[in-house]
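Take a look at the structure below.
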Amino acid sequence: MTEAADLILTNAEVHTLTDPDRTEGAVAVRDGEIVRVDSEYEVEFLEGVETTVVDLDGAVVLPGFVDAHTHMEQVGKYAVHADLAGTESKDDAVERLADGARDDREWILGFGYDESDWADEGYLTREDLDAVSEDRPVAAVRVDMHTASLNSAALDRLSGAMPDDDVVTNGGRPTGVVVEDAVEAVRDAFAPGPAATRELIAAARDRAHELGVTGVHDMVRDSHAPRAYRELDSAGVLNLRVRINYWSDHLDAVREVGLRTNHGSEMVRTGGIKSFTDGSIGGRTAKLFEPYADGEGTGKWVVDPDELREFVDEVSDAGMQATIHAIGDAAIEETLSALEGTGDPAEARHRIEHLELATDEQIERIEAAGIVASVQPNFHRWADDGGLYDQRLGRDRRDRSNRLGRLVESDIPVAFGSDVMPFGPLEGVHHAVNASNAEQRVSVTDALCAYTSGAAYAGFDEDRLGTIEVGTAADFTVLDRSPWEHEDALREIDVVATVVDGEVVYDAR
């Protein structure tokens with residue numbers, strides 16, 4: 001006699017997202033694993049006395065979304081502190097910061113502002129933030145996390161901790177805008193401890209479930225987040241598959257304790273080691289071959305190319321996956337050369353993160369080496385006429401930025417992530433499908449696969465995640481309508497349920 005299922009999702013439009021995609025009416029789960037994907041009639045034979053049967057009333061079931069590049073602590077901060085995403089002006093941002101100020105916290109913090117959405121107002125300055133408070137330190141972190149704005153109290157407090165070259169001045173006086181290493185000093189000043197980090201991670205987990213995210217590749221900066229994940233996992237309340245990509249300064253500690261890529265539990269695994277080459281286009285610190293269109297200079301090296309090559313060799317020799325941030329074409333060139341110099345980049349699944357301005361020749365080399373392209377389709381938000389890319393790069397480079405279609409058409413493994421700009425796969429899928437030119441645009445199916453099976457491959461998880469097949473993990477995202485029938489409004493589709501390991505962790509039906 002066939003053993004009954006624990007969970008059956010029925011009266012649904014189940015997309016396997018296999019190659020080719022197959023559509024069925026129901027899926028059955030036992031012990032956190034898919035045991036049948038078939039018609040409603042066939043699956044109902046697995047119903048038993050204790051089976052939970054969920055009638056989805058025609059909703060669309062996809063494999064659970066996996067965000068291949070995110071910062072979950074940052075996601076939690078958006079929930080706990082002032083959320084500046086979507087602000088329409090400096091005044092709007094200042095008002096949100098003031099409204100979010102709490103007497104039980106020393107710092108007044110806000111995250112996610114994007115001045116390119118404002119009418120030529122520029123970055124927030126010390127004068128803007130002094131209107132929030134003249135006594136307490138105030139910091140507003142830009143959406144790219146490579147730029148921050150400080151009030152006078154914060155500048156005074158951190159004056160000895162920030163490199164002079166990363167503090168923007170006007171006539172010798174700090175404007176309140178800081179970049180790169182100075183931003184790291186700002187982060188260190190208000191870094192949460194273990195208990196606060198666990199609160200942020202729990203808030204981020206809940207937000208992930210609301211957005212249909214069942215797994216993340218988290219680029220963690222300190223040791224508190226890995227500890228929080230493992231504590232939540234041990235308590236049986238994590239309900240999220242986490243791949244921890246450690247910051248470069250953790251490499252020695254990772255080697256010392258014997259961690260290796262892919263070691264861990266069902267829910268928490270060690271990923272790769274992350275480093276930088278350059279900064280961001282928004283902060284004019286992405287490293288370019290040619291100068292910025294709206295200013296002098298070609299950006300800056302966050303990590304010197306010689307140092308990067310040494311680091312990549314160390315990571316490779318340690319048997320770890322390398323995940324390297326590279327945005328500008330010059331940065332991509334140095335990153336690609338470093339990764340090509342390792343033994344077998346394809347077997348190690350070394351990754352280039354962001355890859356915003358890759359040249360044709362670089363794309364061909366990435367394909368030949370089998371390197372993973374870990375990209376963020378929601379960056380297309382800056383590719384409109386007159387948008388940030390137009391301002392910083394000019395029309396020609398804007399049009400060859402984030403060429404997702406070009407990557408997908410090649411034989412490059414492509415994984416989608418959000419980088420919290422903003423968090424949420426459907427936002428990214430919308431931008432990927434509706435990008436302005438063909439080389440930037442992909443089909444609905446390709447976009448969804450990059451956020452499922454593509455992200456799974458980037459994390460060595462293609463045998464257990466990313467498709468709906470017998471034997472894979474029972475992680476599902478349930479949508480209220482079909483993405484294929486609403487291509488021009490993908491970000492307006494609602495997630496109505498999320499299932500992780502066979503457990504319904506979010507239900508908005």
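Predicted model only: the values in this text are computed from it and were never measured. Along the sequence shown, residues are numbered consecutively beginning with 1.
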Exercise. Do any N or O atoms from the side chain of Asp384 and from the backbone of Gly387 form a donor-acceptor pair under 3.5 angstrom?
Worked result: no

Problem set entry | Minimum side-chain heavy-atom gap Ile468-His15 below 4.5 Å | no

For this session: Would you indicate whether the side-chain heavy atoms of Asp419 and Phe379 approach each other to under 4.5 Å?
Result: yes

Exercise. Donor-acceptor pair, Arg406 side chain versus Arg400 backbone, under 3.5 Å?
Worked result: no

For this session: Ignoring hydrogens and angles, tell me if any N or O in the side chain of Arg403 forms a donor-acceptor pair with the backbone of Ala438 under 3.5 Å.
Result: no

Exercise. Sub-3.5 Å donor-acceptor pair from the side chain of His71 to the main-chain atoms of Met219, do we have one?
Worked result: yes

Exercise. Taking the six-membered ring where the residue is Trp, are the ring centres of His81 and Trp107 under 6.0 Å apart?
Worked result: no

For this session: In sequence, state the C-alpha distance, the side-chain angles, and the governing distance for Arg309 and Glu307, and then conclude on salt bridge (charged side-chain N to carboxylate O under 4.0 Å, His left out).
Result: CA-CA 5 Å; Arg309 282 191 288 274; Glu307 183 182 343; over 6 Å; no

Exercise. Does the distance from a Lys or Arg side-chain N to an Asp or Glu carboxylate O, for Arg284 and Asp294, drop under 4.0 Å?
Worked result: yes

For this session: Output all residues satisfying ring-ring contact (aromatic ring centres under 6.0 Å, His included) with His224, sequence neighbours left out; order by chain, then residue number.
Result: none

Exercise. How about Val178 and Met162: do any of their side-chain heavy atoms sit closer than 4.5 Å?
Worked result: yes

Problem set entry | Passing option when Lys300 is tested against Asp278, Asp181, Asp166 for salt bridge (charged side-chain N to carboxylate O under 4.0 Å, His left out) | Asp166

Exercise. Going through the checks in order, is the side chain to side chain contact (heavy atoms under 4.5 Å, CB included) test met by Phe423 and Val420?
Worked result: CA-CA 4 Å; Phe423 191 49; Val420 202; 4.3 Å; yes

Exercise. Is there a donor-acceptor pair closer than 3.5 Å between any side-chain N or O of His350 and the backbone N or O of Pro345?
Worked result: no

For this session: Classify the angle between the aromatic ring planes of His325 and Phe276 as parallel (below 30°), tilted (30 to 60°) or perpendicular (above 60°).
Result: tilted

Problem set entry | Sub-4.5 Å side-chain heavy-atom contact between Trp301 and Leu308 | no

Exercise. Where the side chain of Thr498 meets the backbone of His209, is there a donor-acceptor pair that is under 3.5 Å apart?
Worked result: yes

For this session: Apply the test side chain to side chain donor-acceptor pair (under 3.5 Å) to residues Asp218 and Tyr229: give CA-CA distance (whole Å), side-chain angles for both, the deciding distance (0.1 Å), then the verdict.
Result: CA-CA 11 Å; Asp218 193 1; Tyr229 283 129; 2.6 Å; yes

Problem set entry | Backbone N/O of Ala326 and side chain of Lys287: donor-acceptor pair under 3.5 Å | no

Exercise. Hey, which of Asp329, Ile412, Leu407, Val372 is the one that makes side chain to side chain contact (heavy atoms under 4.5 Å, CB included) with Leu355?
Worked result: Leu407

Problem set entry | Salt bridge flag under 4.0 Å for residues Glu184 and Arg221 | yes

Exercise. Can Asp313 and Ser316 be said to form a side chain to side chain donor-acceptor pair (under 3.5 Å), step by step?
Worked result: CA-CA 5 Å; Asp313 288 342; Ser316 184; over 6 Å; no

For this session: With sequence neighbours left out, write down each residue that passes side-chain contact (heavy atoms from CB on, under 4.5 Å) with Glu290, or none if nothing qualifies.
Result: Arg397

For this session: Before giving the answer on side chain to side chain contact (heavy atoms under 4.5 Å, CB included), spell out for Thr16 and Thr467 the whole-Å C-alpha distance, their side-chain angles and the decisive distance to 0.1 Å.
Result: CA-CA 5 Å; Thr16 62; Thr467 58; 5.7 Å; no

Exercise. Do Arg173 and Glu127 pass the salt bridge (charged side-chain N to carboxylate O under 4.0 Å, His left out) test, and can you show the C-alpha distance, the side-chain angles, and the key distance before you say yes or no?
Worked result: CA-CA 12 Å; Arg173 181 175 183 266; Glu127 287 79 15; 2.9 Å; yes

For this session: Would you mind listing every salt bridge (Lys or Arg N to Asp or Glu O under 4.0 Å) that reaches into residues 420-434, with sequence neighbours excluded?
Result: Glu427-Arg491

Exercise. Can we say Arg441 and Glu439 salt-bridge, meaning some charged N sits less than 4.0 Å from an Asp/Glu carboxylate O?
Worked result: no

For this session: Look at the side chain of Asn378 and the backbone N and O of Ser418, then say whether any donor-acceptor pair between them is shorter than 3.5 Å.
Result: yes

Exercise. Residues in side-chain contact (heavy atoms from CB on, under 4.5 Å) with Glu95, at least two apart?
Worked result: Asp99

For this session: Establish, yes or no, whether the cationic atom of Arg349 lies under 6.0 Å from the six-membered ring centre of Tyr457 and within 45° of the ring axis.
Result: yes

Problem set entry | Side-chain (Thr87) to main-chain (Ser89) donor-acceptor, under 3.5 angstrom | no

Exercise. Would you say the side-chain atoms of Arg481 pair up with the backbone N or O of Glu492, donor to acceptor, closer than 3.5 Å?
Worked result: yes

For this session: Quick one: list whatever passes side-chain contact (heavy atoms from CB on, under 4.5 Å) with Asp114, sequence neighbours left out.
Result: Ser116, Asp117, Arg142, Val143, Arg381, Trp382

Exercise. Given the rule in the side chain to side chain donor-acceptor pair (under 3.5 Å) test, do Trp484 and Thr445 qualify, once you have shown the distances and angles that lead to the verdict?
Worked result: CA-CA 8 Å; Trp484 291 270; Thr445 300; 2.9 Å; yes

Exercise. Aromatic rings Phe190 and Phe111: how do their planes relate, parallel, tilted or perpendicular, breaks at 30° and 60°?
Worked result: perpendicular

Problem set entry | Residues in side-chain contact (heavy atoms from CB on, under 4.5 Å) contact with Arg464, at least two apart in sequence or another chain | Arg241, Glu266, Arg269, Asp461

